[in-house]
Protein chains: 4
Amino acid sequence: MARRRVGNKRERIIAAAARLFGDKGYHNTTTAEIAETASVAAGTIYIYFSSKEELLVAVFEEFLSTHMDRLREGVSREQGPEAKLRRLLKLGLELMENNPDSARIFLSQLRQSTSMIKTVAKRSSRAYRDIIEGILEEGLREGLCRDMSTAVAAGMLFGAFQAVVLDWVADDCSYSLASYADELTNFVLDGVCCHGELPVPPASS
Amino acid sequence: MARRRVGNKRERIIAAAARLFGDKGYHNTTTAEIAETASVAAGTIYIYFSSKEELLVAVFEEFLSTHMDRLREGVSREQGPEAKLRRLLKLGLELMENNPDSARIFLSQLRQSTSMIKTVAKRSSRAYRDIIEGILEEGLREGLCRDMSTAVAAGMLFGAFQAVVLDWVADDCSYSLASYADELTNFVLDGVCCHGELPVPPASS
Amino acid sequence: MARRRVGNKRERIIAAAARLFGDKGYHNTTTAEIAETASVAAGTIYIYFSSKEELLVAVFEEFLSTHMDRLREGVSREQGPEAKLRRLLKLGLELMENNPDSARIFLSQLRQSTSMIKTVAKRSSRAYRDIIEGILEEGLREGLCRDMSTAVAAGMLFGAFQAVVLDWVADDCSYSLASYADELTNFVLDGVCCHGELPVPPASS
Amino acid sequence: MARRRVGNKRERIIAAAARLFGDKGYHNTTTAEIAETASVAAGTIYIYFSSKEELLVAVFEEFLSTHMDRLREGVSREQGPEAKLRRLLKLGLELMENNPDSARIFLSQLRQSTSMIKTVAKRSSRAYRDIIEGILEEGLREGLCRDMSTAVAAGMLFGAFQAVVLDWVADDCSYSLASYADELTNFVLDGVCCHGELPVPPASS
DNA sequence: AATGAATGAGTCTTCATTCAT
DNA sequence: AATGAATGAAGACTCATTCAT
């Protein structure tokens with residue numbers, strides 16, 4: 001009863017493109033397929049997006065904005081840098097697990113061209129890393145982190161995060177990604193914390 | 001004096017493809033361009049490679065095998081897990097810095113399609129990670145590493161490594177990548193070492 | 001104060017189409033552009049015209065009818081074939097100069113397809129030539145013209161007229177077209193008059 | 001036995017395009033049709049021409065160069081400006097009659113866009129008019145022509161020529177164009193000659 | 001082995017036209 | 001009458017791949 005109603009066409013197109021780009025890759029997806037999957041005419045895509053590439057960007061921005069909002073909100077509810085980092089990684093993995101197509105786009109499609117790496121991919125990675133950096137700086141101020149460049153550390157931490165997700169994608173998303181949250185957290189906590197003072201991670205779920 | 005003669009055509013094609021794939025991306029490079037850059041006829045490519053995609057794979061295998069040989073050799077010359085890890089990361093960054101095109105292919109072009117992620121990208125990442133894992137296991141045996149899944153840790157460590165390289169690529173390779181070796185090493189050493197026993201990293205160059 | 005209100009939509013569409021067709025050519029003008037220029041909705045065009053091509057015809061008919069009325073009126077005010085011809089050419093060039101877009105349509109857009117040449121272009125050229133022919137026949141009756149086919153002569157005279165206008169268009173309408181009136185008149189008068197009796201053209205402005 | 005042999009593909013494409021452009025107009029002809037008519041693959045067109053528009057230009061240049069060579073040669077064989085002009089017009093009409101498609105392209109397709117009018121159409125018209133102007137200047141030197149701007153006169157003369165051809169095209173090329181040669185010649189001779197000295201045109205065929 | 005002209009399937013994109021509101 | 005979102009057929013152009021020489 002809902003379907004095919006109102007001006008949800010833009011959303012339908014984005015959803016269809018997300019599914020197909022994630023599944024088959026940007027270049028192996030035709031605009032005709034996207035239109036069909038979205039149940040719109042081929043030309044309709046071009047009412048909402050000026051080109052196929054702009055659609056890819058839109059697909060990702062869509063994912064990123066809701067994704068980031070949730071991450072920030074989740075993090076802000078925690079007290080202290082460690083709990084925040086723990087929450088961030090857990091939440092990040094959960095969001096990826098619930099949006100495998102977006103995850104795939106995030107990890108590969110956005111790197112099609114050098115120009116895209118320099119713009120969209122860079123921006124999205126920056127969003128993620130800004131959150132991380134904020135936490136690390138807090139840890140630094142509180143004496144919980146060892147002395148380091150928070151920017152570089154955030155980058156590497158984010159790299160570890162991506163590696164976990166890419167492995168999962170390369171394995172057909174066949175296992176539960178969230179179960180790696182603890183392992184990931186421990187790894188990165190150890191990589192950034194002051195030793196000795198390192199708080200024993202509570203055996204959280 | 002040698003160039004352009006003899007049957008080095010296969011190598012010339014691979015070199016041309018490496019440069020172009022790295023520069024403009026796999027999909028934005030035509031076989032005609034590759035042929036021209038390699039100074040061979042368009043059809044000649046198909047004498048040595050059955051398809052454009054197979055050429056991409058070959059380009060990468062070429063890079064990977066020489067790359068890995070050097071890494072293994074460099075690592076084997078070091079004594080003890082920490083020194084080995086330190087050497088591995090330093091050498092890895094150096095190799096990337098000297099082959100920016102291959103680095104780009106490594107980080108993005110190999111992820112064009114899910115199938116490629118599952119085969120080539122996975123295999124190449126495995127090669128890297130096997131080396132890392134070997135080192136971590138040695139550290140575990142010697143009691144230098146904390147208890148952990150060496151496989152997962154190797155993956156995350158490799159992720160951090162990739163993040164550093166991707167940042168560099170996204171910044172037009174405009175700075176010296178190797179200068180990040182120490183920062184990276186410290187990060188990953190802390191992430192895998194037993195605390196307290198953590199050897200102070202010598203202020204190596 | 002009137003603009004944009006009432007049912008002058010048809011006129012607005014014709015005016016917009018005239019400007020755009022003349023400027024960019026029929027095929028390079030989209031109905032969407034016409035609608036926007038005319039400040040009407042895309043669909044509104046099809047309330048007044050059944051197709052884009054019919055709109056082109058309408059644009060031209062509009063121009064032609066007012067154009068021809070003025071020509072006929074101007075000519076009728078003159079006495080004698082020579083004065084009439086002189087007036088016709090002068091007035092014709094003036095009208096073209098004041099409607100460069102229509103001039104362009106007249107000279108090129110109407111010749112898009114053979115069918116259009118056979119219908120609209122032919123009809124418009126006939127209108128012009130009928131006036132000329134009438135004058136020539138008058139000259140013939142009065143013994144001022146040499147013996148000839150007035151139809152053919154009218155056609156050629158009209159051709160010379162078009163050539164002058166086309167040159168002007170090809171030169172970006174960068175000079176005053178009307179200044180060529182005398183030269184044109186002399187040429188065609190000489191081409192149709194009896195020699196010897198040829199009245200010396202007064203050095204009219 | 002000849003067909004489909006050697007590298008006559010470029011010529012076949014030009015011939016096919018000439019026929020189709022002349023027949024249905026540039027915009028109503030698809031590259032697929034051209035390819036089929038020329039018995040080549042769709043992509044082959046783009047080996048020889050970088051775009052459909054460049055093909056149109058090539059079609060016309062082809063026509064123009066052979067056309068002009070013949071005109072010049074024919075004219076140069078005649079003695080005296082009047083005989084030359086007579087020959088030029090007669091030959092010009094004959095060439096048009098034998099290449100009705102090129103004639104159509106000449107008169108209409110080349111005027112599709114303002115830019116084309118300014119480049120190709122202008123150039124082709126210049127070629128024709130240069131020949132005419134040369135003759136008129138000779139007549140001027142010999143005192144056979146009345147005082148006038150040879151450039152403008154040549155333009156108008158050429159306009160009269162075009163008008164005759166356009167009429168013929170608008171009438172489906174249903175009559176013999178060459179039969180109008182005398183009428184045209186008389187018209188233009190009268191338009192440019194000194195009166196009194198005007199040589200009586202021999203009742204040539 | 002090598003060439004490079006030729007192929008033709010495949011794709012993005014445009015745009016005249018329609019129609020539910 | 002008017003709107004403008006939606007349609008979908010159509011078309012120029014690309015390019016991986018083949019094959020006769």
Side-chain angles (χ1 to χ4, degrees), chain A residues 4 6-7 9-10 12-13 27-36 38-55, chain B residues 6-7 9-10 13 26-36 38-55, chain C residues 6-7 9-10 13 26-36 38-55, chain D residues 4-7 9-10 12-13 26-36 38-55:
Chain A
R4 185 68 60 101
V6 270
K9 284 195 169 59
R10 197 189 130 96
R12 293 216 309 267
I13 293 167
H27 280 105
N28 297 316
T29 301
T30 67
T31 55
E33 279 176 302
I34 297 170
E36 198 190 347
S39 299
V40 297
T44 304
I45 292 176
Y46 291 85
I47 295 175
Y48 296 98
F49 308 95
S50 65
S51 69
K52 189 187 173 190
E53 184 163 333
E54 207 205 53
L55 174 55
Chain B
V6 268
K9 285 193 168 60
R10 197 190 130 95
I13 293 168
Y26 174 76
H27 280 105
N28 297 316
T29 301
T30 67
T31 56
E33 280 176 302
I34 297 170
E36 197 192 348
S39 300
V40 297
T44 305
I45 291 176
Y46 290 84
I47 295 172
Y48 296 98
F49 308 94
S50 66
S51 70
K52 189 187 174 189
E53 185 163 332
E54 205 204 56
L55 174 55
Chain C
V6 269
K9 284 193 167 62
R10 197 189 131 96
I13 293 168
Y26 175 75
H27 280 105
N28 296 318
T29 301
T30 67
T31 56
E33 280 176 302
I34 297 170
E36 197 192 347
S39 299
V40 297
T44 304
I45 290 176
Y46 289 84
I47 295 171
Y48 295 99
F49 307 95
S50 65
S51 71
K52 189 188 174 189
E53 184 163 334
E54 205 204 52
L55 173 56
Chain D
R4 184 69 57 102
R5 219 59 280 268
V6 269
K9 284 195 168 59
R10 197 189 131 96
R12 291 217 310 266
I13 292 168
Y26 175 75
H27 280 104
N28 297 316
T29 301
T30 67
T31 55
E33 280 176 302
I34 297 170
E36 198 190 347
S39 299
V40 298
T44 304
I45 291 176
Y46 291 85
I47 295 174
Y48 296 98
F49 307 95
S50 64
S51 69
K52 189 187 172 190
E53 184 163 333
E54 206 205 54
L55 174 55

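To find a chain, count down the sequence lines: A is the first, B the second, and so on, and within it residues start at 1. All values reported here derive from a predicted model rather than from experimental measurement.
As a whole-Å value, the separation of B/Ile45 CD1 from F/dA16 P is 9 Å. Regarding A/Glu36, its CD atom lies at a distance of 13 Å from the C1' atom of F/dG8, rounded to whole Å. Remark: C1' of F/dA12 and CD1 of D/Ile34 are 11 Å apart, rounded to the nearest angstrom. What separates CD1 of B/Ile13 from P of E/dG4 is a distance of 13 Å, to the nearest Å. Rounding to whole angstrom units, CD1 of residue D/Ile47 and P of E/dA5 are separated by 7 Å. Straight-line distance from the CZ atom of D/Phe49 to the C1' atom of E/dA6: 15 Å, rounded to whole Å. Following rounding to the nearest Å, B/Glu33 (CD) and E/dG4 (C1') show an atom-to-atom distance of 17 Å.
Take A/Glu33 and apply the salt bridge (Lys or Arg N to Asp or Glu O under 4.0 Å) test, not counting sequence neighbours, and it matches A/Lys24. Residues forming a side-chain contact (heavy atoms from CB on, under 4.5 Å) with C/Phe49 (at least two apart in sequence, or on another chain): C/Arg10, C/Ile13, C/Ile14, C/Ile45, C/Glu54, C/Leu55, C/Ala58.
Taking every heavy atom of both residues into account, D/Ala42 and D/Ala35 meet most closely at CA-CB, 3.8 Å.
Taking 4.0 angstrom as the limit, B/Tyr48 places none of its side-chain polar atoms (N or O) nearer than this to OP1 or OP2 of E/dA1.
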For this session: Quick one, give me the B/S/- string for nucleotides 13-19 of chain E, reading 5' to 3', where B means a protein heavy atom under 4.0 Å from the base and S means that only happens at the primed atoms, P, OP1 or OP2.
Result: BBSBBB-

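Rounded to the nearest 0.5 angstrom, C/Tyr46 OH and C/Lys52 NZ are separated by 8.0 Å. Taken to the nearest 0.5 Å, the OG1 atom of D/Thr44 stands 4.5 Å off from the CD1 atom of D/Ile47.
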Exercise. If pairs are Watson-Crick or G-U with both distances under 3.5 Å, what is the dot-bracket string of DNA chain E, marking crossing pairs with [ ] and pairs to another strand with |?
Worked result: .||||||||||||||||||||

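With distances taken from any side-chain atom of C/Lys9 to the nucleotides E/dT7, F/dT7, F/dA2, the minimum falls on F/dA2.
The side-chain tip of D/Lys9 does not point at the ring of D/Tyr48 from less than 6.0 angstrom away and within 45° of straight on.
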